[in-house]
Amino acid sequence: MLARECIVSAPGKVILHGEHAVVHGKVALAVSLNLRTYLRIQPGAAGRVSINMPNIDTFLSWDVSSLHALLPAGRAGLQNAVEPDAAVVLKLREYAGLGDGLEDTRSLAVLAFLYIYLSVFAESRELPSLTMAVWSELPTGAGLGSSAAFSVCLSAALLASRGAIACSAVEAGQTARWSDEDLELINKWAFQGEKIIHGNPSGVDNAVGTWGGALRYLAGKIKPLSSTPVLRILLTNTRVPRSTKVLVAGVRDKITKFPAIMNPVLESIDAISCECERILMAMARGPEIQHYRVLEELIDINQHHLNVMGVGHPSLDRLCQVSLAHGLHSKLTGAGGGGCGITLLTPDTDSSVVERSIQELKDCGYDCWETSIGAPGVLHHSPSSLTEDVLKILNSY
Ligand SMILES: Nc1ncnc2c1ncn2[C@@H]1O[C@H](COP(=O)(O)OP(=O)(O)O)[C@@H](O)[C@H]1O
Ligand SMILES: C[C@@](O)(CCOP(=O)(O)O)CC(=O)O
Ligand SMILES: [Mg+2]
């Protein structure tokens with residue numbers, strides 16, 4: 001059996017407030033980014049499954065017949081995306097030669113692919129031969145949700161290829177969205193991919209990757225923030241590598257060790273997200289400079305909380321100091337421990353201040369750029385809707 005061809009993309013995200021706390025049932029506010037992950041599935045060489053992930057320098061190929069032995073027992077059906085079972089994940093690790101306990105970039109990506117591929121096709125009589133290529137504009141492991149964009153793409157492309165969600169041809173030069181029902185299913189399976197990569201994800205990143213735009217996320221409940229003001233944000237990548245899985249586990253340990261100390265911090269972050277949402281709504285009706293002053297204070301308080309939770313890093317402290325020297329307020333975004341931070345630009349920020357801040361942050365060895373937020377969620381592409389660069393990369397596998 002050959003897989004159907006399918007090209008998809010999904011955006012990264014920025015968490016304005018609520019990272020980590022959202023894993024423990026608190027509110028997070030997140031917005032999609034104009035940086036995307038692109039993934040193409042093609043009918044591959046007969047009897048082979050090949051995956052090409054140039055961002056992480058990983059190129060692997062297996063015999064379909066050998067993958068059959070890995071099909072999970074007790075198949076739950078496509079609508080009930082099942083939690084990755086530890087024994088199943090261990091079996092996949094052994095099969096792919098990844099060894100137990102390996103949490104590196106490549107292992108997690110390979111496991112996420114194998115898990116979603118085998119689960120999505122578990123009920124069909126045959127496993128399809130296919131070639132997958134994935135390319136991302138997002139930095140990997142930097143807090144911008146590359147794992148979720150990857151998981152959303154995997155889920156959408158494999159479900160479409162299986163015929164479980166709509167997969168009709170997209171007109172030349174165009175992209176298409178899926179129905180809400182299809183998006184729900186994409187999101188469910190992407191969440192399972194995130195579970196492999198993050199261990200214990202909240203689901204906010206895959207929700208943004210699936211639906212795009214700005215949203216409020218609380219314990220699995222997604223509320224689109226329909227009327228938000230246009231916010232100008234600087235993104236800074238400290239380029240300090242870190243793993244979301246390790247950082248999320250560290251926060252959980254701290255909460256277990258010091259519940260009476262950490263729970264009030266989580267409550268406070270929840271209140272920050274709620275206050276931020278209230279201000280954003282008021283700004284959508286008529287922005288005033290005082291609103292920006294409140295947003296700046298909320299950023300500062302939250303950054304202190306994130307440090308208390310143990311997910312700060314000297315590189316992020318430096319970002320906050322450099323930007324504050326120019327009157328700008330920053331906090332980490334995503335899992336922290338390095339990776340990216342956001343800086344709020346306000347209407348009274350002079351363009352020369354922005355330019356000087358960007359230059360000073362670059363002088364620290366960081367990447368820094370003004371971003372645009374609110375991109376569409378997962379998209380189905382015609383090949384001609386892709387830029388030449390992306391098409392060239394996907395076509396080379
Ligand atoms: N383009 C990609 N190709 C392959 N794997 C990817 C890609 N982008 C992300 N991943 C997977 O996601 C992981 C990074 O996820 P994570 O630590 O959550 O950081 P973030 O989501 O902030 O980028 C990588 O280790 C890798 O397994
Ligand atoms: C820390 C957390 O809140 C966000 C992680 O985002 P990222 O993987 O660092 O992009 C974890 C989660 O919500 O699953
Ligand atoms: Mg992630």
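Note that ligands are numbered from 1 as they come in the structure, with each ligand's atoms numbered from 1 the same way. Quick caveat, the model's predicted, so the values are computed rather than measured.
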Quiz item: Mind checking whether the Mg ion (ligand 3) has an N, O or S of S147 under 2.8 Å?
Solution: yes
Quiz item: Strictly under 4.0 Å, does any heavy atom of R106 approach an atom of ligand 1?
Solution: no
Quiz prompt | Min heavy-atom dist G334 to ligand 1 below 4.0 Å | solution = no
With respect to [X], determine whether any N or O atom, backbone or side chain, lies less than 3.5 Å from an N or O atom of ligand 2.
X    : result
G143 : yes
S146 : no
V23  : no
N200 : no

Quiz item: With a 4.0 Å heavy-atom cut-off (strictly under), which part of K26 contacts ligand 2: side chain, backbone, both or neither?
Solution: neither
Practice problem: Not counting sequence neighbours, list each pair that qualifies as a side-chain hydrogen bond (donor to acceptor under 3.5 Å, both in side chains) and has a residue in residues 149-164. | Solution: none
In ligand 2, which numbered atoms sit nearer than 4.0 Å to a non-hydrogen atom of [X]?
X    : answer
E19  : 3 (O)
H198 : 5 (C), 8 (O), 14 (O)
T244 : 5 (C), 7 (P), 8 (O), 9 (O)

Exercise. Check step by step if ring-ring contact (aromatic ring centres under 6.0 Å, His included) holds for F113 and F150.
Key: CA-CA 9 Å; F113 169 81; F150 174 58; 8.4 Å; no
Quiz item: With K13, which of V208, L33, L215 fulfils side chain to side chain contact (heavy atoms under 4.5 Å, CB included)?
Solution: V208
